[in-house]
Enquirer: 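Next up is a structure, given as structure tokens.
Predicted model, so just to flag it, every value in this text is computed and none were measured. Chain naming here is simple, since letters A, B, ... match the order of the sequence lines and numbering starts at 1 in each.
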Amino acid sequence: MSVLIFAENWDGKFKKSTYEAISYATELARQTKESVTAVVIGNVSDEDMKSLGKYGAQKVLSVKNDKLNTLSPSAYASAITQAVQKENAKIVVISYTYSGKSVAGRVAVKLKAGLIAGATALPSSTSPFTIRKKCFSGKGLTDVVVSSDVKIVGLTPNSYKVNTEDGSAAVESFSPTFNDTDFASTSKETKKTSGKIALTEAEIVVSAGRGLKGPENWGMVEQLAELLGAATACSKPVADVGWRPHHEHVGQTGITIGPNLYFAIGISGAIQHLAGVSSSKVIVAINNDKEAPFFKAATYGICGDAFEVVPKLIEEVKKFKSAH
Amino acid sequence: MKFLVCITQVPDTTTKITFTPDKKAFNAAGVQFIINPYDEIALTRALELKEALGGTVTVINVGSASTEANIRKALAIGADDAIRINAEANDAYYVAFQISEVAKKNGYDVIMTGKESIDFNGGQVPTMLGELMGLPSVSVATKLDINGTTATLEREIDGGKEVVESKLPFVAGAQKGMAEPRIPNMRGIMTARTKPLTVVEPVACDMLSGSAIFDLPAAKGDCKMINPNNVAELVNLLHTEAKAI
Ligand SMILES: Cc1cc2nc3c(=O)[nH]c(=O)nc-3n(C[C@H](O)[C@H](O)[C@H](O)COP(=O)(O)OP(=O)(O)OC[C@H]3O[C@@H](n4cnc5c(N)ncnc54)[C@H](O)[C@@H]3O)c2cc1C
């Protein structure tokens, strides 16, 4: 038996969230004394597949098919399901990225398996199988108990640390069967937000709100982000008026993120905004109003004018970077 | 064209979330429930498409009688009729299964949901529904257009967008950007009272998962305030104390 992990790739390359999921599966497998098998769908080089051994995978099932180079949720779910059956896996780990979300529910239905949609930790118990996840957009936590034979863990990106060890995985080619309905939807085109770090995967996020007064003032936000290797984000009103693109909007009605470090610049800290960012490990709030609610949720606060504080911060980060 | 929009009710976004003393349930006392904001987006897009292409929009909800005020609100916004499946919605699979049973019987061209409900944030109903009905599903869709028997959608992917083409029928989970939610007008509110709302009983179905215990996130310690003239101190603390850079 093995713990099965869906090793998602994008344009043939694995992402950090994939390594997190393998590391997570490896720890689970250690507890249940099983091995880890990764399923790779699409065109990934043999060398990259073997390298999954560094994160703990013993075996890789490689599914190659011209129709599978872009996501087709139904076909991917068929392939993963057949791999689960072949390996007789009882636990399936899928990183809960946008793509992972599109397939996990389908695999769950095919296998009649309970799904933890957005796990943030290892199981607190394996019998009954219990895992913690966030609910109410981060305002609460809940222990989800799965009672089915096969269990699916949808692992929230950025919630488990990548671990590496020595090792190389054995790559085996695998040819699941598909039917026509698996391809009733097809990808036509992808539009990448070029060169930027994906917000959901970023370890550091620099976010700004209406306090910055206008889109022309985002230069310093982008500069700070670039120095720190961070992604940029914004509050809802900022996206609503078009100062920043919608995909940067974080909060209850936007994206939920949990980076290591979150900078909130000129954002008041409304409950709906906090809901999307409160699981950040460290929060820095910069605001000129000492009563701003964000200071109650932050780890560090600077009460001051963003137009003075942020340029100073950029200088200090530059000094820090050149010294380290 | 027949549209089915799945709606659920959730605590108002300003709600301070608390749980019962035994931690086994959400404390609903004094809480105002609203239509899940993403479901409202799905509903609005369905209405826009119906206005352009003709047809009907049906809303469906799995819930107890307490959800009827919000179902009526969906009718006031413009849905033609409503179905309530009389059961508590505790597990995504259970909800998707109940809806699929009704949807299979009635035959819809387009089935829409929100990308997730803002209470359990699972986002599984659209994909599970797709699988249960043998239909394609597009979760987290920011755009939806229909041309004949083909739909063009845009979905979010990590670090970008993807344009997806799908045959009808299909299931889509609506994300912000697809439409701007509508507010019911007086006429809508008046006519909503007499629009049909059918209650059906659930069919037998296993629950595959459930929430055992609820908790509040650990309270953050006090915020450490740093003098705006000593920004170097912040960088130092982020490095040495928080180990975040
Ligand atoms: C149903 C619903 C859902 C919502 N969902 C979201 C969501 O997902 N995400 C979200 O962000 N919001 C959401 N909101 C909106 C939310 O309630 C707030 O209105 C919003 O977050 C405020 O954005 P802001 O902090 O950028 O702007 P403001 O509230 O205007 O705050 C601006 C802040 O900048 C500070 N400031 C001004 N000038 C300076 C300066 N020179 N230097 C430093 N600081 C300065 C001010 O003191 C203030 O604190 C939602 C609201 C509703 C009703």
Enquirer: Mind ranking B/Lys16, B/Met207, B/Lys167, B/Arg155 by heavy-atom pairs under 4.5 Å with chain A and telling me who comes out on top?
Expert: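 Between B/Lys16, B/Met207, B/Lys167, B/Arg155, the count favours B/Arg155.
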Enquirer: Is A/Val107 in contact with chain B via its backbone, its side chain, both, or neither, using a 4.5 Å heavy-atom distance?
Expert: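 Neither part.
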Enquirer: Which one, B/Gly173, B/Gly160, B/Gly123, B/Ala96, leads in non-hydrogen pairs under 4.5 Å with chain A?
Expert: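 Top count of heavy-atom pairs under 4.5 Å with chain A: B/Gly160.
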Enquirer: Tell me which of these, A/Ala113, A/Ala108, A/Ser72, has more heavy-atom pairs under 4.5 Å with chain B than the rest.
Expert: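 When all of A/Ala113, A/Ala108, A/Ser72 are compared, A/Ala113 has the most.
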Enquirer: Between A/Lys290, A/Lys281, A/His249, A/Glu203, which has the largest tally of heavy atom pairs under 4.5 Å with chain B?
Expert: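 Heavy-atom pairs under 4.5 Å are most numerous for A/His249.
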Enquirer: Let's test your reading of the structure: which of A/Gly304, A/Ala297, A/Ala184 forms the most heavy-atom pairs below 4.5 Å with chain B?
Expert: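 Option with the top pair count is A/Ala184.
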Enquirer: Would A/Ser137 and B/Asn121 count as having a side-chain donor-acceptor pair, cut-off 3.5 Å?
Expert: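 Short answer, yes.
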Enquirer: Please name the pair of heavy atoms, one in B/Ala212 and one in A/Val145, separated by the smallest distance, quoted to 0.1 Å.
Expert: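 The pair with the smallest heavy-atom distance is CB-CG2, 3.6 Å.
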Enquirer: Please classify the contact between A/Ser280 and chain B as side chain, backbone, both or neither, with a heavy-atom cut-off of under 4.5 Å.
Expert: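 A/Ser280 touches chain B through backbone heavy atoms alone.
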Enquirer: Among A/Asp182, A/Leu115, A/Thr130, who wins on heavy-atom pairs under 4.5 Å with chain B?
Expert: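 Among A/Asp182, A/Leu115, A/Thr130, the one with the most close pairs to chain B is A/Leu115.
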Enquirer: Measure the CE-NZ distance between B/Met128 and A/Lys110 for me, rounded to the nearest 0.5 Å.
Expert: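 Nearest 0.5 Å value for the CE-NZ distance: 13.0 Å.
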Enquirer: Looking at B/Ala232 and A/Glu316, what are the two nearest heavy atoms and their distance?
Expert: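 Scanning both residues completely, I find the closest heavy atoms to be CB-OE1, 3.3 Å.
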Enquirer: Does any backbone or side-chain atom of A/Ile116 lie under 4.5 Å from a heavy atom of chain B? Answer side chain, backbone, both or neither.
Expert: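 A/Ile116 has no heavy atom closer than 4.5 Å to chain B.
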Enquirer: Would you say A/His324 and B/His239 make side-chain contact, with heavy atoms under 4.5 Å?
Expert: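 In contact.
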Enquirer: Looking at every heavy atom in both B/Phe214 and A/Cys135, which two are closest together, and how far apart are they?
Expert: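 Result for this residue pair: CD2-SG, 4.0 Å.
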Enquirer: Kindly determine whether A/Asp240 and B/Lys176 satisfy salt bridge (charged side-chain N to carboxylate O under 4.0 Å, His left out), including the steps that lead there.
Expert: CA-CA 10 Å; A/Asp240 285 348; B/Lys176 214 178 142 236; 3.4 Å; yes
Enquirer: So, does A/Tyr98 use its side chain to make a donor-acceptor pair with the main chain of B/Ser139 at under 3.5 Å?
Expert: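 Checking the backbone N and O of B/Ser139 against the side chain of A/Tyr98, no donor-acceptor pair under 3.5 Å is found.
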Enquirer: Can you tell which of A/His246, A/Lys134, A/Lys321, A/Lys151 has the highest number of heavy-atom pairs within less than 4.5 Å of chain B?
Expert: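 That would be A/His246.
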Enquirer: Can you confirm whether the side chains of B/Glu162 and A/Ser187 place a donor and an acceptor under 3.5 Å from each other?
Expert: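 Yes - a donor-acceptor pair under 3.5 Å links their side chains.
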Enquirer: Are A/Val282 and B/Leu238 close enough, and set up right, to give a side chain to side chain contact (heavy atoms under 4.5 Å, CB included), and what steps lead you there?
Expert: CA-CA 9 Å; A/Val282 178; B/Leu238 286 176; 4.1 Å; yes
Enquirer: Would you mind checking which part of B/Pro11 comes under 4.5 Å of any heavy atom in chain A, side chain (CB onward), backbone (N, CA, C, O), both or neither?
Expert: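 Side chain only.
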Enquirer: Does atom NZ (B/Lys104) have a neighbourhood of more than 12 heavy atoms from anything else shown, all under 6.0 Å?
Expert: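 Atom NZ in B/Lys104 is packed in, count exceeds 12.
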Enquirer: Please state whether the side chain, the backbone, both or neither of B/Tyr38 comes within less than 4.5 Å of a heavy atom of chain A.
Expert: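 Just the side chain, heavy atoms under 4.5 Å.
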Enquirer: Using 0.5 Å steps for rounding, measure from the CG atom of B/Asn227 to the CD1 atom of A/Ile302.
Expert: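 If I round to the nearest 0.5 Å, the distance is 8.5 Å.
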Enquirer: If we define contacts as heavy-atom pairs under 4.5 Å, which of B/Asn230, B/Val235, B/Val164, B/Asp215 has the most with chain A?
Expert: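 Looking at each of B/Asn230, B/Val235, B/Val164, B/Asp215 in turn, B/Asp215 comes out on top.
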Enquirer: Check this for me: B/Asn147, atom CG, are more than 12 non-hydrogen atoms of other residues, nucleotides or ligands nearer than 6.0 Å?
Expert: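 Result for CG/B/Asn147: open.
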Enquirer: Is any side-chain heavy atom of A/Leu313 closer than 4.5 Å to one of B/Leu234?
Expert: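 Touching, per the 4.5 Å side-chain cut-off.
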Enquirer: With rounding to the nearest 0.5 Å, note down the distance linking CD1 in B/Ile157 to CH2 in A/Trp10.
Expert: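 Spacing of CD1 (B/Ile157) from CH2 (A/Trp10) equals 4.0 Å.
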Enquirer: Closest approach of A/Pro73 and B/Ser137, non-hydrogen atoms and distance?
Expert: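 Minimum heavy-atom contact is CG-O, 3.8 Å.
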Enquirer: Does a donor on one side chain and an acceptor on the other come within less than 3.5 Å for A/Tyr300 and B/Glu241?
Expert: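 A/Tyr300 vs B/Glu241: donor-acceptor pair found between side chains.
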Enquirer: Return yes if a side-chain donor-acceptor contact under 3.5 Å exists between B/Ser211 and A/Thr142, otherwise no.
Expert: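 Checked: B/Ser211/A/Thr142 side chains pair up, N/O donor to acceptor below 3.5 Å.
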Enquirer: Quick check on the interface: out of B/Lys115, B/Glu116, B/Lys23, B/Lys224, who has the most heavy-atom pairs with chain A under 4.5 Å?
Expert: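 Most heavy-atom pairs within the cutoff with chain A belong to B/Lys224.
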Enquirer: Side chains of B/Leu216 and A/Phe136: closer than 4.5 Å at any heavy-atom pair?
Expert: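 No - every pair of side-chain heavy atoms lies 4.5 Å or more apart.
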Enquirer: Considering only heavy atoms and a distance below 4.5 Å, find which of A/Ser185, A/Gly229, A/Pro245 pairs most often with chain B.
Expert: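 So the answer, after comparing A/Ser185, A/Gly229, A/Pro245, is A/Ser185.
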Enquirer: Say you draw a straight line from OH of B/Tyr93 to NZ of A/Lys112; how long is it, rounded to the nearest 0.5 Å?
Expert: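 Interatomic distance, B/Tyr93 OH to A/Lys112 NZ, rounded to 0.5 Å: 4.0 Å.
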Enquirer: For A/Ala104 and B/Gln124, which heavy atoms make the closest approach, and how far apart are they?
Expert: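 Between these two residues, the closest heavy atoms are C-OE1, 4.0 Å.
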Enquirer: Out of B/Glu165, B/Glu154, B/Lys243, B/Lys161, return the one with the most heavy atom pairs under 4.5 angstrom to chain A.
Expert: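 Highest number of heavy-atom pairs under 4.5 Å: B/Glu165.
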Enquirer: Measure the shortest side-chain to side-chain distance between B/Val231 and A/Glu315 over non-hydrogen atoms and say whether it is less than 4.5 angstrom.
Expert: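 No. Closest side-chain heavy atoms not under 4.5 Å.
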Enquirer: Looking at CD1 of B/Ile17 and CG of A/Leu141, how far apart are the two atoms once the value is rounded to the nearest 0.5 Å?
Expert: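 One gets 12.0 Å once the value is rounded to the nearest 0.5 Å.
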Enquirer: Using non-hydrogen atoms only, which part of B/Phe170 is less than 4.5 Å away from chain A: side chain, backbone, both, or neither?
Expert: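 Contact with chain A involves no heavy atom of B/Phe170 at all.
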Enquirer: Between chain A and each of B/Leu135, B/Thr150, B/Ile41, B/Asp91, count heavy-atom pairs under 4.5 Å; write down the option with the most.
Expert: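 Answer, by heavy-atom pair count under 4.5 Å with chain A: B/Leu135.
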Enquirer: Which value, rounded to the nearest 0.5 Å, describes the distance between A/His247 atom NE2 and B/Gln175 atom CD?
Expert: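 Going from the NE2 atom of A/His247 to the CD atom of B/Gln175 covers 12.0 Å.
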Enquirer: Is there a side-chain contact between B/Pro228 and A/Glu308 (heavy atoms, below 4.5 Å)?
Expert: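 Heavy-atom side-chain distance check fails, nothing below 4.5 Å.
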Enquirer: Show the numbers, then the answer: is there a side chain to side chain contact (heavy atoms under 4.5 Å, CB included) between A/Lys312 and B/Asn229?
Expert: CA-CA 9 Å; A/Lys312 281 189 207 163; B/Asn229 296 314; 3.3 Å; yes
Enquirer: Do A/Gln252 and B/Ile118 touch side chain to side chain, with heavy atoms closer than 4.5 Å?
Expert: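 Touching, per the 4.5 Å side-chain cut-off.
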Enquirer: With a 4.5 angstrom heavy-atom cut-off, which part of A/Tyr96 approaches chain B: side chain, backbone, both or neither?
Expert: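 When you check distances to chain B, only side chain atoms of A/Tyr96 fall under 4.5 Å.
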Enquirer: Before giving the answer on side chain to side chain contact (heavy atoms under 4.5 Å, CB included), spell out for B/Thr127 and A/Lys101 the whole-Å C-alpha distance, their side-chain angles and the decisive distance to 0.1 Å.
Expert: CA-CA 8 Å; B/Thr127 38; A/Lys101 268 183 200 170; over 6 Å; no
Enquirer: Between A/Lys188 (side chain only) and B/Thr152 (backbone N and O only), is there a donor and an acceptor less than 3.5 Å apart?
Expert: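 It does not hold such a pair.
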